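Keep in mind that what you see is a predicted model, and the values were worked out from it rather than measured. For the numbers below, each heavy atom of this structure counts, side chains included, while hydrogens, waters and symmetry mates do not. FYI, the numbering just counts along the sequence from 1.
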Amino acid sequence: MDARGDVAPRRTLVFAAKIDTWLLVLIAGSTVVCLYGAWSVLSEAGQVRWGTALVLLVSAAIPVWIVLSTSYTLTGTQLRVRCGPFRWTIPLAEIRDVRPTRNPLSSPAPSLDRLRIEYGKRRSVMISPRDKEGFLGELAARTPNARRPP
């Protein structure tokens with residue numbers, strides 16, 4: 001609290017995503033295959049297929065971008081989830097429940113060691129912060145009414 005009795009604004013914290021090794025291996029393998037394919041198409045004698053090479057290069061780049069850019073930012077009023085070109089903005093006041101999960105459904109979580117965050121009306125997102133305990137501690141301080149894992 002400050003001198004007027006107001007709650008001091010919380011600082012913005014960015015949490016990196018935890019990335020499973022198996023996913024890194026899978027993405028590295030698919031990236032190598034796509035890059036080899038692009039190189040093969042471009043190095044063929046005769047007709048150059050720029051469209052095919054471009055598709056292969058984009059196919060190599062997007063999964064790398066998605067996995068390496070995934071992060072979770074806690075501000076004074078929001079949880080911002082970033083995952084490649086995808087973004088979620090979740091008001092902290094709407095968070096109802098946070099619990100661990102290993103659900104493999106698609107989400108901005110490059111690890112199966114996840115947290116399921118329920119918010120709003122029947123909305124949820126699964127995330128995988130590398131510092132799960134630190135994230136949960138900060139989230140608890142910012143969302144005192146949400147249910148937490150034991």
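We find the OG1-CZ distance between Thr73 and Phe15 to be 9.5 Å, quoted to the nearest 0.5 Å. We find the OG-CZ distance between Ser111 and Arg102 to be 6.5 Å, quoted to the nearest 0.5 Å. Here Glu133 contributes atom CD and Glu138 contributes atom CD; the two are 13.0 Å apart, rounded to the nearest 0.5 Å. Of the inter-residue distances, the one linking Ser128 atom OG with Phe135 atom CZ reads 10.5 Å to the nearest 0.5 angstrom. Once rounded to the nearest 0.5 Å, the distance linking CG of Leu13 with OG of Ser71 reads 12.0 Å. Remark: Leu74 CG to Arg80 CZ distance equals 10.5 Å, nearest 0.5 Å.
Looking at Arg114, its side chain does come within 3.5 Å of a backbone N or O of Ala109 through a donor-acceptor pair. Within the 3.5 Å criterion, the main-chain N or O of Gly120 finds a donor-acceptor partner in the side chain of Arg96. A donor-acceptor pair is defined here as one N or O able to donate and one able to accept, closer than 3.5 Å; no such pair exists between the side chain of Arg142 and the backbone of Gly137. Side chain of Asp131 to backbone of Gly134: a donor-acceptor contact under 3.5 angstrom is found.
Cluster annotation: Leu24 is connected to Leu112 through the hydrophobic network of ILVMFWY side chains, with a link wherever side-chain heavy atoms come within less than 4.5 Å. Note on Val55: it does not cluster hydrophobically with Ile62, by side-chain heavy-atom contacts below 4.5 Å among ILVMFWY residues. Both Leu79 and Phe86 belong to a single network of hydrophobic side chains, linked directly or stepwise wherever heavy atoms of I, L, V, M, F, W or Y lie under 4.5 Å apart. Trp65 and Val32 fall into different hydrophobic clusters, where Ile, Leu, Val, Met, Phe, Trp and Tyr side chains are chained together by heavy-atom contacts under 4.5 Å. Cluster annotation: Trp88 is connected to Ile127 through the hydrophobic network of ILVMFWY side chains, with a link wherever side-chain heavy atoms come within less than 4.5 Å.
A salt bridge does not link Asp20 with Lys18: every distance from a Lys NZ or Arg NE/NH1/NH2 to an Asp or Glu carboxylate oxygen is 4.0 Å or more.
In this structure, the side chains of Tyr119 and Asp97 stay at 4.5 Å or more apart for every pair of heavy atoms. Taking 4.5 Å as the limit, every side-chain heavy atom of Val81 sits out of range of all side-chain heavy atoms of Arg87. Side chains of Pro91 and Thr77 form no contact here, defined as non-hydrogen atoms less than 4.5 Å apart. Two residues are said to be in side-chain contact when any heavy atoms from C-beta on lie closer than 4.5 Å; Leu56 and Leu35 fail this criterion.
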Check: Does the pair Glu94 and Lys121 meet the rule for a salt bridge (charged side-chain N to carboxylate O under 4.0 Å, His left out), with working shown?
Finding: CA-CA 9 Å; Glu94 291 186 15; Lys121 292 186 178 184; over 6 Å; no
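The hydrophobic cluster of Val33 has no other members, since no ILVMFWY side-chain heavy atom comes under 4.5 Å of it.
Here the shortest heavy-atom pairing between Thr70 and Pro110 reads CG2-CD, 3.9 Å. Scanning all heavy atoms of the two residues, the minimum distance from Tyr72 to Pro108 falls at OH-O, 2.6 Å. The two residues Leu115 and Pro129 have their closest heavy-atom pair at CD1-CG, 4.0 Å. Heavy-atom minimum distance, Leu92 versus Gln78: CG-N, 3.6 Å. Contact between Asn103 and Leu105 at its shortest, heavy atoms only, is OD1-N, 2.8 Å. Taking all atoms of both residues into account, the shortest heavy-atom contact from Pro63 to Ser59 is CD-O, 3.1 Å.
Inspection of the Arg116 and Thr101 side chains reveals no N or O donor paired with an N or O acceptor under 3.5 Å.
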